[in-house]
Amino acid sequence: MSALLEQLARRQLVWQGNSQHTAYRAVSSGYAELDQQLAGGFPATGLIDIQTGTGIGELRLLLPYLQQQQSSGRLLVLISPLAEPCADMLCAAGIVLSQLVIITPKTGKDALWAAEQCLQSGCCASVLLWQVPLKLAQARRLQLAAEQGAASLILMRRPQQGLSLPVNLSIKLQPHRQGVLLSVQKRKGGWPAAPFLVDMQNRWPGLCFSTEPQWQARRKAS
Amino acid sequence: MALYLYLQFPALQPDSLGCTAAQQLPVAVVNEQHCIVQLNAVAEQRGIALNMALGTAAALCPNLQLLPYQPQLQLNILQSVAQQLYQITADIALDPPDGLYIRLCNMLQLYQGLAGYWQALSHELQLLPYRYYYASGATPFAAKCLARQQLNLLTGEPDTLDAALRCSPLRFSELDTDSQQQLQRLGINTLGQVLALSQAELARRFDSSLLSYLGRLRGSFYHALHYIKPEHSFSRYVELLYDITDTAVFSMPLHSLLLQLEQQLQRINAACHQLQLSLLFRGMPAYQLSIGSAQGEYRAANWLKLCQLQLDKLKLTEPVSGLQLEVTAFVPQQSQSNDLFQPVPGAVSALQLVSLLQARLGYHSVSGLRLQNQHLPELASQRPLPLLAGKAAVAALALRPAFLLAKPERLTEAVEINHGPERLCPNGWELEAQRDYFIGRNSKGQWLWLYRTAQQQWFVQGIFS
């Protein structure tokens, strides 16, 4: 029996649960519950798709990850950000500003070109790309570029239905009073997960409402 | 013993016409007096000679192609030849319009004698398309006199050189025509006869220029030569063979220019940060493009890539007739050291990447971010050039939004205030302009940075992301 199993295993016809290897190298996200759900954290390379509204805490979720990515001395690139990035906030989060490049291209085509060049170059650790419509072939091309340069591309998109893109990780964020509500839609080498709360009260107390009773009490007092 | 070499190039201008079609046609160069001054080998076979009148030459050879004599072009070619030979030999002085003095004596040890030296030099000369005559001599003028007789005599023997010099006719010397005529009337036809005369007698009958020439010819007077130095700038012009309207077609002539630049940079182990490319039109002023590379670059392929990114954006309204490439400053090459243990594929450095992005997207589309020591949010962030290491001494203020709106917008929706107020006042005397900042969350769950003016008006200035 075992001889037969061995033979099948050698021909890769049998899948064994204990021989799993992770599909990507994970970098800790800085939030314990998220690390647990994602089996270690965000992928260090490849595409990360984040479907989110603006201003609900999507960048705060990524800051510890971006800071670790940057620590190897490589660049962090922001392509077509929503508005003027604020140096105070990024600096306070530990981002090295001299390793930060902001690109404001005029068209979506230029933005994709810039993203591909940055990913390929090997001198960028992470690239953030805001609100650029992406086709399947383009996503595949960016994924290959990211693998070539050992970089990660984070796509910030509005929540949308449609074909799923070839990405390492796809998550959806929803606003919540104590942080963000995160649901994993797709993960390479893992399963989608139900929505759960990423609590930001410890890291960002000023940007979370404290739990209900205390808040009401304070209101009454004032 | 001092030894000099003189190289004479009889037809620099016709020989510099690169294309093969031009080499099969008889080509001659005429000066303003309509006199033939240079000609190529084909024209020579048809019986045309130097100093022939234009009419005679045209009668001999009806399909003769004529070029006007251009002293500046001639000088440029001569300089480029000298730069090329500088790789072989150290002391080269220009002798416009068509000669080069080379001091041999201090190079012989390096090449182990005259034979080895000449092998290296003639190999370099063969790579160039120009015909040449040469001769060596104990002084620069002696070498020049022998080379002008087209003797092609190269030897270190003083006796041979002396004998050759003594029987040289006077017309190959540097004497002016008046002195030559005067000497000929005295029955003196060769330099040997002049050199045999006593100097005191000559000084009585002739002016000082003859004596100074003879002194330098003998080597008893010092002859100062201005030896060239390698250039630290680059400027080349290429006339296109036909007018070009499509920017994609530029790559061929541009690549050849960039290759010349690469050669020059490689020789002196330098790179450059900026190229000035001018597109010359027939009826319009030239269009200037400046192409930069933040990391110094010397390789032609990399420069071509940067140039093409800029040329792709360009719309030509008129055909281009010429290209001019200029580099004014060279910098020493700096070697890039890569991480030995974690090699990252793709040999692009951060500076190269920035140059590439700037070339396509425009200079101002790529920037960095710097924190200023300012309490007002509009002034705290600055967008300088990328990759500049700023002063790290400034402490960041806590709780600032990730993005600031370019212009504050009026608050039009209900928000739930979580934090505040934080009062910011631009200047102590402007109490009217003070603002009270709050952090609020709207119904969509967005965290906004709001302020209330002294007039109790509410504005949104930033978004926490």
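Bear in mind that the values here come from a model prediction, so they are computed numbers and not experimental data. Because only heavy atoms are used, hydrogens play no part in the values below, and waters and symmetry mates are left out as well, while side chains stay in. Letters A, B, ... are given to chains in the order of the sequence lines, protein chains preceding strands, and every chain is numbered from 1.
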Could you tell me which non-hydrogen atom of [X] sits nearest to which non-hydrogen atom of [Y], and how far apart they are?
{"X": "B/L388", "Y": "A/S98", "result": "O-CB, 3.6 Å"}
{"X": "A/A83", "Y": "B/F403", "result": "O-CD2, 3.5 Å"}
{"X": "A/M89", "Y": "B/P401", "result": "CB-O, 3.5 Å"}
{"X": "A/A87", "Y": "B/R370", "result": "CB-O, 3.8 Å"}
{"X": "A/G206", "Y": "B/H419", "result": "O-CB, 4.3 Å"}
{"X": "B/L369", "Y": "A/L97", "result": "O-CB, 3.4 Å"}

Contact origin within [X] toward chain B - heavy atom pairs under 4.5 Å:
{"X": "A/L100", "result": "both"}
{"X": "A/L207", "result": "both"}
{"X": "A/C124", "result": "side chain"}

**Study point:** Residue among B/P386, B/G368, B/G362, B/S367 with most heavy-atom pairs under 4.5 Å to chain A
**Key:**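 Top count of heavy-atom pairs under 4.5 Å with chain A: B/S367.
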Review point. Which one of B/L387, B/L399, B/I463 has the most heavy-atom pairs closer than 4.5 Å to chain A?
Key: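 Among the listed options, the one with the most contacts to chain A is B/L387.
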Would you say [X] and [Y] make side-chain contact, with heavy atoms under 4.5 Å?
{"X": "B/R360", "Y": "A/Q117", "value": "no"}
{"X": "A/C86", "Y": "B/S381", "value": "yes"}
{"X": "B/L353", "Y": "A/C118", "value": "yes"}
{"X": "A/T104", "Y": "B/R383", "value": "yes"}
{"X": "A/R177", "Y": "B/R441", "value": "yes"}
{"X": "A/L59", "Y": "B/F464", "value": "no"}

**Study point:** Any donor-acceptor pair under 3.5 Å from B/N418 side chain to A/C208 backbone
**Key:**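 Pair found, side chain donor or acceptor close to backbone of A/C208.
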Point to revise | Distance (rounded to the nearest 0.5 Å) between A/L75 CG and B/S349 OG | key: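 The CG atom of A/L75 sits 9.5 Å away from the OG atom of B/S349.
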Check your understanding: About how many Å separate NE2 of B/H375 and CG of A/D88, when rounded to the nearest 0.5 Å?
Key ->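 Spacing of CG (A/D88) from NE2 (B/H375) equals 12.0 Å.
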**Study point:** Interchain contact, B/L361 with chain A, by part (heavy-atom threshold 4.5 Å)
**Key:**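 Its backbone and side chain both get close to chain A.
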Point to revise | Which portion of B/A350 sits near chain A, non-hydrogen atoms under 4.5 angstrom | key: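 Backbone plus side chain of B/A350, per the 4.5 Å heavy-atom cut-off to chain A.
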Exercise for review: Could you tell me which residues in residues 444-456 of chain B have at least one non-hydrogen atom under 4.5 Å from a non-hydrogen atom of chain A, sorted by residue number?
Suggested key: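 B/K444, B/G445, B/Q446, B/W447 fall under the 4.5 Å cut-off.
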